[in-house]
Amino acid sequence: MERIYLDNNATTIVDPTVREAMDPFYCHMYGNPNSLHSFGIEVRPYLHQAMEQMYAAINAGDEDDIIINSCATEGNNTVIMGMYFSLLKETRKKRIVTTQLEHPCIREACRFLETQGVKVTYLAPDRQGLITPEMVKEVISDKTALVSVMWANNETGLILPIKEIAEVCKEKGVYFHTDAVQAIGKVKVDMQDVPADFLTFSAHKFHGPKGAGGLYVRKGGMLPPLLHGGEQMGGHRAGTVDVPGMVGMGKAMEIAVESLEYENTHVRRLRDKFEDALMQIDDVLVVGDRDLRTPNTVYVSIRGVEGEAMIWDLNQNGIAASTGSACASESLEASPILTAIGADKELAHTGVRFSLSRFTTEKEIDFTIEVVKKAVVRLRQLSTSY
Ligand SMILES: Cc1ncc(COP(=O)(O)O)c(CN[C@@H](CS)C(=O)O)c1O
């Protein structure tokens, strides 16, 4: 059988339709959109179309901004550092509230600001792995400059109550940012319904190209640029625009929103079929209520089976999954999410993340179920603790 890719929360295949839309901008229409001659002018309508697709995909207001950048890491750093230079340095607002669930690009940016004297609160998830609006309300004060909470967790797929948290922040007059990397294309993202001030996304998570991302800034949101230089993006992000990347991201976002129904029916059904099969195995813990998770993700702990050992076995059978986020895959730390929900130390080292996509087939899921069952038997026989 062909290799099977079940690590879509790490990155996704570029949709062939997206690739087709991008192709002309490498060797045919390759001008710099800032150039005044025909080579530059001819690409601009395609960038405008890409912007229109992105505005429509998240129902952004006409006076809101979407700043195109290289990835969500850049977008998240732009928000955290931008807050520092626009608010935290100059005003009495010296605090940021975020969570222990965030991606390292949020956590590490906040840790850096702590070295600059900023006080950061890292909210711990409850036993269900969630952050509640009440938790946020309790810690917000008149010194809080920004609250940043991810829309969906990349390891477990758990979806956080972003609308309610954004409403708490709005009521308190505190800027709210959400990292929506794992939400776009999996749940409905509507900026007229969710009063977030800033939102970040990354094209390679929804079948667009790697190296393209976006930062939504609601009208009136003030953020200094992270990258200074040319007048691109209205001075909000210097650097020559990645034309094929932006065209690809617009197209991918349009398709992702059109595929929401498919993700939440067909992909969800395959995920649930896989999860039901896992639950037939003794001593297995799946993190989070499946109705509170993105439709493509299952994060499972199998007692007596080290996460890395399972990943190796799967890889030997041509199946790609992960022990958690790719950027932490080298770390042998216990998963903070499993620790936070009270999983014992042994279980906290056995997490394996499977993340499907609209390109996953039932045949692939059936084959993976058989491989996992055999791997559990083999690895438990080798285990000294099971
Ligand atoms: C919630 C969230 N926020 C930010 C990022 C970073 O996206 P970039 O486009 O790589 O900058 C990611 C990427 N998470 C991948 C790679 S570490 C994972 O395996 O979980 C993410 O999931």
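Keep in mind that the numbers below use all heavy atoms, side chains included, and drop hydrogens, waters and symmetry copies. Order of appearance sets the numbers: ligands from 1, and atoms from 1 within every ligand. Since the structure is predicted, the reported quantities are computational estimates derived from the model, not experimental observations.
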Does atom CZ of R380 have more than 12 heavy-atom neighbours, drawn from other residues, nucleotides or ligands, at distances under 6.0 Å? yes
With a cut-off of 6.0 Å (strictly less than), are more than 12 heavy atoms of other residues, nucleotides or ligands near OH of Y46? no
When E275, E362, E263 are each screened for salt bridge (Lys or Arg N to Asp or Glu O under 4.0 Å) with R269, the one that passes is E362
Proximal ligand 1 atoms for [X], defined as those under 4.0 Å from one of its heavy atoms:
X    : value
S202 : 8 (P), 9 (O)
D179 : 1 (C), 2 (C), 3 (N), 4 (C)
T73  : 6 (C), 8 (P), 11 (O)
M150 : 1 (C)
N9   : 15 (C), 18 (C), 19 (O), 20 (O)

Just let me know how [X] lines up against ligand 1, side chain, backbone, both or neither, with a heavy-atom cut-off below 4.0 Å.
X    : answer
K205 : side chain
A72  : both
H204 : side chain
V181 : side chain
E102 : neither

Residues at least two apart in sequence or cross-chain that pass side-chain contact (heavy atoms from CB on, under 4.5 Å) with D190, listed by chain then number, are N59, K188, Q192, D193
Those residues that, when tested against I41, pass side-chain contact (heavy atoms from CB on, under 4.5 Å) (two or more places apart):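 Listed in chain order: R44.
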So is R353 close enough to ligand 1, meaning a heavy atom under 4.0 angstrom away?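 True for this residue.
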Report yes if the distance between the aromatic ring centroids of F198 and Y216 is under 6.0 Å, otherwise no. no
R353 and side chain to side chain donor-acceptor pair (under 3.5 Å): which single residue from T297, N9, D7, T323 fits?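 Passing option: D7.
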Could you tell me if R293 sits above the aromatic ring of Y299, with its cationic atom closer than 6.0 Å to the ring centre and no more than 45 degrees from the axis?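 No, R293 does not lie over the aromatic ring of Y299.
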Any N or O of N76 that comes nearer than 3.5 Å to an N or O of ligand 1? no
